[in-house]
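Encoded as structure tokens, the structure appears first; notes follow it.
Hydrogens, waters and symmetry mates play no part in the numbers below; they use all other heavy atoms, side chains included.
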Amino acid sequence: MLMLVICIGSKVIADDGTVNPLESSSFLNNGVTAHRGNSSEFPENTLPAFESGIEIGADWIELDIFTTKDGKLVVIHDRTTQRVGDKNLVVPDSTYNQLLTVDVATDFRKRMQKTIDECPMQKIPLLEDVLKLVMKQNRTRVSIQPKMDCVAEAVALVKRLNAESWVGFNDGNLQYMLEVKRLAPEIPVFWDRGADTDIEEDIQTAKHHGFESLVLHHSGVTLKNIQIVKSAGLEFGAWTVNDRAAMERLLNMGVERLYTDHPRMLQKLKKDR
């Protein structure tokens with residue numbers, strides 16, 4: 001099967017609409033990770049939230065995945081749909097068709113006091129759909145957080161779509177992140193750590209296994225651990241930061257990456273600095 005490709009500037013556009021970056025430098029590098037997409041303005045882990053994160057200019061959008069009963073990789077944070085949806089289904093015990101009956105914009109709509117016209121029904125997206133969305137541009141990448149043992153399936157999907165250049169993985173589960181590096185060593189790993197973690201031990205583990213970044217809970221960030229992580233040649237990040245004053249404090253301390261539900265706010269802060 002032949003695929004038509006058209007070269008435009010620094011991009012190669014295939015006939016399926018995906019963009020193949022000719023150089024990795026075409027991607028943004030501004031330290032703004034849109035946590036579950038732009039989840040302050042749109043329902044979390046939905047296509048509109050991811051589209052907005054890309055439009056804002058976050059260099060990474062982040063999402064969570066589970067595997068359904070019928071083997072589909074779906075994008076949702078919790079093991080059940082109860083928190084975000086209008087009915088309670090257990091994701092790994094449900095088929096994708098069953099999950100499609102859930103309006104995962106329900107909680108957001110209620111919290112934001114929006115009407116159904118202002119915040120339409122949203123369905124749980126497939127990881128494949130999000131990857132295809134991200135592959136239509138070459139500025140923003142997507143970091144995948146496996147919430148169950150489905151790394152092999154996710155990496156296989158990434159490889160089938162030739163999406164390696166657009167993808168990273170993040171989580172605190174060491175075994176999951178080791179599996180990423182075993183299957184696809186070229187894919188970056190953002191290793192999530194808790195506030196009271198042993199940072200020296202984490203650095204040794206990260207360096208040994210080829211992880212690119214340590215991402216600490218924001219409450220555990222100190223100038224000392226920022227300095228030693230950077231001195232080890234790793235990127236330093238903090239999760240999940242939604243308070244403006246906290247953003248400013250961490251940026252002033254030299255944190256390179258912030259995970260946030262408010263990527264527009266963080267982007268503006270960075271531009272104004």
Side-chain angles (χ1 to χ4, degrees), residues 29-40 44-45 49 53 58-66 76-80 83-84 111 141-149 151 168-181 188-267 269-270 273:
N29 184 25
N30 54 31
V32 178
T33 296
H35 183 242
R36 307 178 198 172
N38 181 11
S39 53
S40 64
E44 67 177 59
N45 278 326
D59 62 347
W60 288 86
I61 54 176
E62 184 261 4
L63 55 78
D64 312 276
I65 59 168
F66 280 89
I76 187 169
H77 180 269
D78 299 350
R79 186 177 175 82
T80 75
R83 178 176 60 85
V84 295
R111 286 189 291 108
R141 291 182 278 182
V142 57
S143 185
I144 300 168
Q145 183 169 20
K147 307 300 285 190
M148 62 183 291
D149 186 5
V151 170
F169 278 78
N170 69 281
D171 194 55
N173 185 304
L174 179 58
Q175 294 308 310
Y176 291 174
M177 297 301 97
L178 292 180
E179 183 76 347
V180 172
K181 284 300 185 183
V189 162
F190 302 87
W191 191 26
D192 298 341
R193 311 309 299 138
D196 58 351
T197 190
D198 184 330
I199 198 72
E200 296 277 7
E201 184 176 315
D202 288 345
I203 289 171
Q204 291 180 15
T205 300
K207 295 286 286 184
H208 178 71
H209 295 294
F211 298 165
E212 285 76 9
S213 178
L214 291 181
V215 185
L216 272 66
H217 187 272
H218 66 88
S219 64
V221 174
T222 66
L223 280 172
K224 180 180 178 181
N225 57 33
I226 294 171
Q227 291 166 357
I228 62 174
V229 169
K230 288 186 176 183
S231 295
L234 298 168
E235 184 188 63
F236 188 96
W239 61 275
T240 297
V241 189
N242 292 326
D243 176 73
R244 182 188 181 94
M247 288 180 184
E248 291 178 330
R249 176 176 60 82
L250 291 167
L251 292 174
N252 288 336
M253 291 171 69
V255 177
E256 295 170 309
R257 174 165 305 283
L258 296 180
Y259 286 56
T260 182
D261 299 339
H262 299 271
R264 195 183 302 274
M265 179 195 302
L266 178 57
Q267 187 78 306
L269 276 177
K270 283 177 166 280
R273 289 170 65 83

What is the minimum heavy-atom distance between Ser213 and Leu234, and which atoms define it? N-CD2, 4.4 Å
Could you give the distance from CG (Asp202) to CG (Leu216), rounded to the nearest 0.5 Å? 7.0 Å
Are Val221 and Phe236 close enough, and set up right, to give a side-chain contact (heavy atoms from CB on, under 4.5 Å), and what steps lead you there? CA-CA 10 Å; Val221 174; Phe236 188 96; 3.9 Å; yes
Give a yes or no on whether the backbone of Ser219 and the side-chain of His217 come within a donor-acceptor separation of less than 3.5 Å. yes
Looking at Thr240, Thr260, Asn170, which hits side chain to side chain contact (heavy atoms under 4.5 Å, CB included) with Glu62? Asn170
Looking only at heavy atoms, what is the nearest atom pair of Trp60 and Pro188, with distance? CH2-CG, 4.0 Å
side-chain contact (heavy atoms from CB on, under 4.5 Å), that's the test. Do His209 and Trp191 meet it? Break it down for me. CA-CA 11 Å; His209 295 294; Trp191 191 26; over 6 Å; no
For residues Glu235 and Val229, report the shortest heavy-atom separation together with the two atoms involved. O-CG1, 3.8 Å
Any chance you could lay out the side-chain contact (heavy atoms from CB on, under 4.5 Å) test for Ile203 and Phe211, step after step, and finish with the verdict? CA-CA 9 Å; Ile203 289 171; Phe211 298 165; over 6 Å; no
Any side-chain heavy-atom pair of Met177 and Pro146 under 4.5 Å: yes
Passes side-chain contact (heavy atoms from CB on, under 4.5 Å), Asn29 versus Arg257? Steps please. CA-CA 9 Å; Asn29 184 25; Arg257 174 165 305 283; 4.0 Å; yes
Spatial distance of atom CD (Gln145) from atom CZ (Phe190) [nearest 0.5 Å]: 12.0 Å
Any idea which heavy atoms bring Glu44 and Arg83 closest together, and the distance? OE2-NH2, 2.7 Å
Side chain of Asp59, backbone of Val32: donor and acceptor closer than 3.5 Å? yes
Could you tell me whether the side chain of Asn252 and the main chain of Glu248 form a donor-acceptor pair under 3.5 Å? yes
Heavy-atom pair of closest approach, residues Leu251 and Lys270: CD2-NZ, 3.8 Å
Rounded to the nearest 0.5 Å, what separation is found between the OH atom of Tyr259 and the CG atom of Leu266? 12.5 Å
Is the backbone N or O of Gly237 less than 3.5 Å from a side-chain atom of Glu256, with the two atoms forming a donor-acceptor pair by type? no
Could you check if a side-chain atom of Leu214 sits within less than 4.5 angstrom of a side-chain atom of Ile199, using non-hydrogen atoms only? yes
d(Ile228 CD1, Lys230 NZ) to nearest 0.5 Å is 12.5 Å
Contact summary for Gly53 and Asn38, nearest pair of heavy atoms: N-CB, 4.0 Å
Output the distance between atom CZ (Arg193) and atom OG1 (Thr205), rounded to the nearest 0.5 Å. 8.0 Å
Would you say the side-chain atoms of Asn242 pair up with the backbone N or O of Asp261, donor to acceptor, closer than 3.5 Å? yes
Find the distance between CG (Asp171) and CD1 (Ile144) and round it off to the nearest 0.5 Å. 12.0 Å
